[in-house]
Amino acid sequence: MADVREVQLLVIGGGPGGYPAALHAADHGLKVALVDDDAAGKLGGVCLNRGCIPSKALLHVAKLLNEARDAAEWGLTFKTPEIDLEKLRNYVQQKVVGKLTGGIGQLTKGRGVEVIKGHATFTDAHTVAIPGGESIRFKNCIIATGSVPAIPKPWQIGNDRIMDSTAALLLPDIPQKMLVIGGGYIGLEIGSVYAALGAKITVVEALDTILAPVDRDLVVPLEKKLRQQFEAIFTGTKIEGLSAESGGIVAKMAGAEFEGGRSEKFDCVLVSVGRRPNFANLGLEQAGVKQDERGFITVDKQRRTNVPHIQAIGDIAGEPGLAHKATAEARVAVEALLGEPSEWSPRAIPAVIFTDPEIAWAGLTQQQAEAQQVPHEVLKFPWAASGRAVSIARTEGVTKLLVDPASKRMLGAGLCGAGAGEMIAEAVLAIEMGAVARDLVESIHPHPTLSETVMEAAELAYGAATHMAKPTKR
Ligand code: FAD
């Protein structure tokens with residue numbers, strides 16, 4: 001007979017949604033089990049093992065390589081760096097990913113969370129089965145099974161030169177020519193890494209612009225730089241087919257730029273056209289849990305599914321598919337199951353693209369404000385007027401705030417520039433706290449820092465920013 005274990009809370013999935021939920025619940029005295037099916041048995045989910053963390057470690061290396069090249073302009077010439085790919089791989093996998101996943105292991109151990117390695121499948125609304133014969137009965141369950149890369153069927157031709165982000169982050173080699181399908185953040189981040197390491201990158205995007213959800217004025221400085229670093233960026237272009245030919249993959253492209261289409265051979269292809277919720281062999285139907293038409297589990301403000309003692313958080317519970325959204329939902333879900341008056345109602349979920357320059361935004365974008373006809377005023381401060389930006393040669397950036405025209409209350413913020421990802425946190429706080437532009441003006445920002453651009457953009461709500469020529473017409 002199968003072993004049956006009883007727990008108060010079962011968390012399925014050990015990513016940035018699942019493991020914080022398990023830790024938080026254990027901190028509140030619940031008996032918690034966390035089950036995760038990572039092949040290498042490492043906690044941390046996509047984010048730590050094959051997403052946020054390895055990509056950012058590699059982007060850091062890419063930035064260093066690019067800065068070393070750019071330094072020639074300031075009179076510093078370095079020798080062409082030698083890249084030891086195996087050492088770089090080991091550094092990322094062991095010193096970065098390994099250290100962090102090991103740290104989560106320690107945290108779960110320290111909190112008394114029971115970690116079970118294996119794939120969980122619901123057999124009914126209170127039980128999951130784990131291969132090997134074990135069953136776990138739970139009072140409450142949080143599903144945090146995340147998402148997986150989506151590769152369209154016709155491109156699945158069984159050739160390992162066609163990679164998803166997971167494979168590309170393992171740096172199998174540095175190709176001479178690489179095609180990136182999809183001009184979203186994952187494609188551009190990984191494309192930037194390979195470009196810095198020496199590959200010629202071609203990006204193909206079906207829509208008319210890369211990074212379509214981002215305000216165009218924030219994309220422009222990045223796109224300008226990427227067009228210098230990449231071989232080509234083709235927007236409004238579709239891939240009509242991928243085929244394997246000796247030593248490469250031939251991509252058939254169709255777009256306004258190529259009359260009659262174009263075929264080009266690449267050493268490898270990164271497909272980064274989106275991710276889909278991961279409910280593979282999860283047995284949601286046995287538990288009676290409902291999904292929407294796109295496969296996301298439908299949840300309420302307490303992250304409860306239609307089966308109230310089962311909650312869902314993170315990528316499986318809807319967009320945006322971001323680690324910090326999953327972690328924030330974990331807190332709400334646990335507090336709700338503990339009976340606290342907690343609900344999911346963020347005013348601003350920040351998003352960051354860790355290219356160089358970075359793009360970051362939070363709250364309402366200008367595109368959204370216009371589409372939803374939300375009255376708004378746009379306050380834009382170019383970094384060319386920032387002493388800090390000039391001193392570090394990063395004047396291409398821009399800081400923009402969206403405020404309500406009457407009250408000057410903060411509605412949204414967006415930045416493009418070096419370190420934008422760190423700076424957006426101030427705007428998130430301002431939007432969440434219902435701050436008005438005056439609050440940002442009166443918060444003294446350290447000099448010389450790029451953060452002053454937020455303060456100066458806010459000054460524009462009241463007429464002029466100190467370091468900008470006074471607008472003649474507003
Ligand atoms: P996941 O991290 O997907 O974890 C789910 C876990 O559940 C996995 O370990 C999975 O193996 C396990 N699992 C699934 N089904 C079962 C089952 N039935 N039984 C047991 N275990 C199961 N987000 C950011 O915020 N910032 C970034 O910079 C960023 N960069 C990214 C870069 C890349 C290349 C990628 C791919 C993603 C990136 N993301 C980033 C997105 C981020 O990784 C996800 O939003 C985040 O990991 C979602 O967390 P999660 O807890 O919902 O699920």
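One-based numbering, in listed order, for ligands and for the atoms of each. Position 1 is the first residue of the sequence, and the numbers go up from there.
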Notebook entry, point to check: So is there a nitrogen or oxygen of Glu189 less than 3.5 Å from a nitrogen or oxygen in ligand 1?
Noted result: no
Next item on the list: Using modelled atom types only, decide if a donor and an acceptor are shared between the side chain of Glu205 and the backbone of Thr237 within a distance under 3.5 Å.
Entry: no
Next item on the list: Using distance alone, determine whether Val46 and ligand 1 share an N or O pair under 3.5 Å.
Entry: yes
Next item on the list: Looking only at protein heavy atoms, identify the closest one to atom 8 (C) of ligand 1 and say how far it is in Å.
Entry: Asp36 OD1, 3.5 Å
Check: Non-hydrogen atoms of Lys56 versus ligand 1: any pair closer than 4.0 Å?
Finding: yes
Note to self: Nearest non-hydrogen contact with atom 4 (O) of ligand 1 belongs to which option: Gly421, Gly321, Gly45, Pro54?
What the structure shows: Gly45
Note to self: Show, in sequence, the C-alpha distance, side-chain angles and deciding distance for Asp215 and Lys380, and conclude whether the salt bridge (Lys or Arg N to Asp or Glu O under 4.0 Å) test is met.
What the structure shows: CA-CA 12 Å; Asp215 285 346; Lys380 226 195 272 188; over 6 Å; no
Check: Between Lys139 and Glu6, is there a salt bridge with N-O shorter than 4.0 Å?
Finding: no
Notebook entry, point to check: With a cut-off of 4.0 Å, which atoms of ligand 1 are near a heavy atom of Ser165?
Noted result: 34 (C), 36 (C)
Margin query: Show the atoms of ligand 1 that are less than 4.0 angstrom away from any heavy atom in Gly314.
Written below: 52 (O)
Check: Does the side chain of Glu264 reach to within under 4.5 Å of the side chain of Val250, using non-hydrogen atoms?
Finding: no
Next item on the list: Using a strict cut-off of less than 4.0 Å between a Lys/Arg side-chain nitrogen and an Asp/Glu carboxylate oxygen, indicate whether Asp36 and Lys117 qualify as a salt bridge.
Entry: no
Next item on the list: Taking atom types as modelled, find out whether Arg275 and Ser147 have a side-chain donor-acceptor pair closer than 3.5 angstrom.
Entry: yes
Notebook entry, point to check: Under 6.0 Å from the CZ atom of Arg89, do we count more than 12 heavy atoms belonging to anything else shown?
Noted result: yes
Notebook entry, point to check: By number and element, which atoms of ligand 1 are closer than 4.0 Å to a non-hydrogen atom of Ser147?
Noted result: 3 (O)
Next item on the list: Run the numbers for me: atoms of ligand 1, each under 4.0 Å from some heavy atom of Gly17, listed by number.
Entry: 51 (O)
Check: Tell me, which protein residue and heavy-atom name are nearest atom 19 (N) of ligand 1, and how many Å apart are they?
Finding: Ala120 N, 2.9 Å
Item checked: N or O pair under 3.5 Å between Ser55 and ligand 1 -> no
Check: For ligand 1, is there an N or O atom under 3.5 Å from any N or O atom of Ile186?
Finding: no
Check: Considering the options Arg394, Lys56, Lys63, Arg69, which one meets the salt bridge (Lys or Arg N to Asp or Glu O under 4.0 Å) requirement together with Asp356?
Finding: Arg394
Notebook entry, point to check: Between Asn281 and ligand 1, does any nitrogen or oxygen pair lie at a separation below 3.5 Å?
Noted result: no
Notebook entry, point to check: Which ligand 1 atoms does Gly15 reach within 4.0 Å, using its non-hydrogen atoms?
Noted result: 2 (O), 4 (O), 51 (O)
Next item on the list: Before giving the answer on side-chain hydrogen bond (donor to acceptor under 3.5 Å, both in side chains), spell out for Lys99 and Gln94 the whole-Å C-alpha distance, their side-chain angles and the decisive distance to 0.1 Å.
Entry: CA-CA 7 Å; Lys99 186 177 165 68; Gln94 284 157 25; over 6 Å; no
Check: When you measure from atom 52 (O) of ligand 1 to every protein heavy atom, which one gives the shortest distance, and what is it?
Finding: Asp315 N, 2.9 Å
Check: So, His28 and Glu335: side-chain donor and acceptor under 3.5 Å apart, yes or no?
Finding: no
Item checked: Residue, atom name and distance, where the atom is the protein heavy atom closest to atom 46 (C) of ligand 1 -> Pro16 CG, 3.7 Å
Next item on the list: Give the atoms of ligand 1, by number and element, whose distance to some non-hydrogen atom of Arg275 is under 4.0 Å.
Entry: 36 (C)
Margin query: Looking only at protein heavy atoms, which one is nearest to atom 32 (C) of ligand 1, and what is the separation?
Written below: Gly51 C, 3.4 Å
Margin query: Quick test: of every protein heavy atom, which one is nearest to atom 26 (N) of ligand 1, and how far off is it to 0.1 Å?
Written below: Cys52 SG, 3.8 Å
Next item on the list: Under 4.0 Å from a heavy atom of Asn278: give me the atoms of ligand 1 that qualify, with their elements.
Entry: 14 (C), 15 (N)
Next item on the list: For atom 38 (C) of ligand 1, grab the closest protein heavy atom and report residue, atom and distance to one decimal in Å.
Entry: Tyr185 OH, 3.2 Å
Margin query: Against ligand 1, does Phe279 come closer than 4.0 Å with any heavy atom?
Written below: no
Next item on the list: Please test Arg294 against Glu319 for salt bridge (Lys or Arg N to Asp or Glu O under 4.0 Å), starting from the C-alpha separation and ending with a verdict.
Entry: CA-CA 11 Å; Arg294 294 172 63 199; Glu319 290 169 330; 3.1 Å; yes
Next item on the list: Would you sort out whether Thr449 and Arg388 count as a side-chain hydrogen bond (donor to acceptor under 3.5 Å, both in side chains), showing the intermediate values?
Entry: CA-CA 5 Å; Thr449 63; Arg388 178 66 174 177; over 6 Å; no
Notebook entry, point to check: Considering only heavy atoms, which of Gly283, Cys47, Gly187 lies nearest to atom 43 (O) of ligand 1?
Noted result: Cys47
Margin query: Under the criterion salt bridge (Lys or Arg N to Asp or Glu O under 4.0 Å), I'd like the reasoning laid out for Asp300 against Arg304: C-alpha separation, chi angles, the key distance, then a yes or no.
Written below: CA-CA 5 Å; Asp300 68 9; Arg304 277 186 296 253; 3.2 Å; yes
Margin query: For atom 22 (C) of ligand 1, tell me which residue out of Val352, Asp37, Thr166 has the closest non-hydrogen atom.
Written below: Asp37
Next item on the list: Tell me which protein heavy atom sits closest to atom 20 (C) of ligand 1, plus the residue, atom name and distance to 0.1 Å.
Entry: Gly118 O, 3.4 Å
Check: Does any donor atom in the side chain of Arg216 or Thr209 lie under 3.5 Å from an acceptor atom in the other side chain?
Finding: yes
Checklist line | Atoms in ligand 1 with a heavy atom of Leu322 nearer than 4.0 Å | finding: 23 (N), 24 (C), 25 (O), 45 (O)
Item checked: Heteroatom distance test (Ala323, ligand 1): nitrogen or oxygen, under 3.5 angstrom -> yes
Check: More than 12 non-hydrogen atoms from neighbouring residues, nucleotides or ligands closer than 6.0 Å to CD on Glu432, yes or no?
Finding: yes
Next item on the list: Give the minimum heavy-atom separation between Leu402 and Leu364, together with the two atoms involved.
Entry: CD2-O, 3.8 Å
